[in-house]
Amino acid sequence: MSTLRGRVAGLPEWDRCAVMGVVNVTPDSFSDGGRWFDRDAAIKRGLDLVAGGADLVDVGGESTRPGATRVDEDEELRRVIPVVRDLAAEGVVVSVDTMRASVAERALAAGAVLVNDVSGGLADPAMVPVVAAAEVPFVVMHWRGFSEDMNSRAVYGDVVAEVLAELRSRLDAVVAGGITPERIVLDPGLGFAKQAEHDLALVAHLRELRSLGRPLLVAASRKRFLGRVLAGAEGSPPPARERDAATAAVSAIAAREGAWAVRVHEVRPTADAVRVARAIEAAA
Ligand code: PMM
């Protein structure tokens, strides 16, 4: 079982694909922007996600939707740290979603146990040293550049081969930077410098990404490619909040393909999906 999904040193081991619930403490995330911007609402949301079946909660203070401009460091700290502190104090396994080493460091001091960096350490040269020194797990996502212009980088000949090669080189770089391989999780970065057809191909080929030898995090939740699929050839995509059933479908597939965890905004349907996938795996 753990050979299918892999194990991440420093985190609990779940006997199935884990469910990472998302709390975006932002006014502008595409999926849930503004809903948990207030500190108390964000903390309550994190606790509700755990009650609904989340194994860990990912707290972020910067929107990475295509075209988003960056939030400044003080504001990111102000958004994230109290939420991390309060959720960790409640016993929640907290991950911090940040591209800034300073935010990661402060979040770890406040009780976070995992750093999720969508840039895989590329945005801030201090990130890898901070994570290496803290000896905590690190999510390395496939990333080609900041959100302002990432759509222009969504150009691939063979998306699976290129994402695989680029992730392998990031894995080598962060290991060279002192993060032990046993603590590294890889993520194909659905929607980041990718068009819908690229995201679909990556989900279809998760097993090939597993060949990198590290656990995989899959974050399809409410993303544009699901909107495109649901819209059909002519229609317009449903709003982000109406993509949770589609998200759960990807969660079931990702779990079946050996993903270590799925990152979702609405945990209930996905918690059910990964449990069903686990039951089917046990019956195989
Ligand atoms: N996507 C978003 C934010 N954080 N983290 C990882 N590891 N992988 C992702 O694909 C990812 C992420 C963007 O979605 P959101 O802002 O709506 O949560």
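For ligands, and for the atoms within them, numbers begin at 1 and follow the listed sequence. FYI, the numbering just counts along the sequence from 1.
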* To do: Taking only heavy atoms of Asn116 into account, list the atoms of ligand 1 that are under 4.0 Å away from them.
  => 5 (N), 6 (C), 7 (N)
* To do: For ligand 1, note which part of Asp58 has a heavy atom under 4.0 Å away: side chain, backbone, both or neither.
  => neither
* Which atoms of ligand 1 have any heavy atom of Leu217 under 4.0 Å away? -> 7 (N)
* Tell me, please, which residues at least two apart from His142 pass ring pair (Phe, Tyr, Trp, His ring centres under 6.0 Å). => none
* **Those atoms of ligand 1 less than 4.0 Å from some heavy atom in Val118** => 4 (N), 5 (N), 12 (C)
* Could you walk me through whether Ser119 and Asp117 pass the side-chain hydrogen bond (donor to acceptor under 3.5 Å, both in side chains) check? -> CA-CA 5 Å; Ser119 81; Asp117 179 354; 2.8 Å; yes
* Structure fact -> Atoms of ligand 1 under 4.0 Å from any heavy atom of Val139, numbered from 1 in the order shown, are 7 (N)
* Go through the side-chain N and O atoms of Glu76 and Thr98 and say whether any donor and acceptor fall under 3.5 Å apart. => yes
* To do: Could you tell me which atoms of ligand 1, counted from 1 in the order shown, lie closer than 4.0 angstrom to a heavy atom of Met141?
  => 6 (C), 8 (N), 9 (C), 10 (O)
* To do: Consider only side-chain N and O atoms of Ser102 and Glu73, and report whether a donor and an acceptor are under 3.5 Å apart.
  => yes
* Is any NZ, NE, NH1 or NH2 atom of the basic residue among Arg263 and Asp97 found under 4.0 Å from an Asp or Glu carboxylate oxygen of the other? -> yes
* **Between His198 and Gln195, a side-chain donor and acceptor under 3.5 Å** => no
* Per-atom contacts of ligand 1 with Ala219, taking only distances under 4.0 Å to non-hydrogen atoms -> 8 (N), 9 (C), 10 (O)
* To do: Would you check whether Arg222 reaches within less than 4.0 Å of ligand 1, judged by its heavy atoms?
  => no
* Report, as yes or no, whether the 6.0 Å neighbourhood of atom CZ on Arg241 holds more than 12 heavy atoms from other residues, nucleotides or ligands. => no
* To do: With heavy atoms under 4.0 Å as the rule, classify the contact between Thr26 and ligand 1 as side chain, backbone, both or neither.
  => neither
Would you tabulate the side-chain donor-acceptor contacts of residues 225-233 under 3.5 Å, counting partners in other chains and residues two or more places apart, or write 'none'?
none

* Asked: For ligand 1, which atoms, with element, lie under 4.0 Å from some heavy atom of Thr64?
  -> 2 (C), 3 (C), 13 (C)
* To do: Please could you name the atoms of ligand 1 that His265 approaches to less than 4.0 Å, counting only its heavy atoms?
  => 15 (P), 17 (O), 18 (O)
* For Arg263 and ligand 1, does the shortest N/O to N/O distance drop below 3.5 Å? -> yes
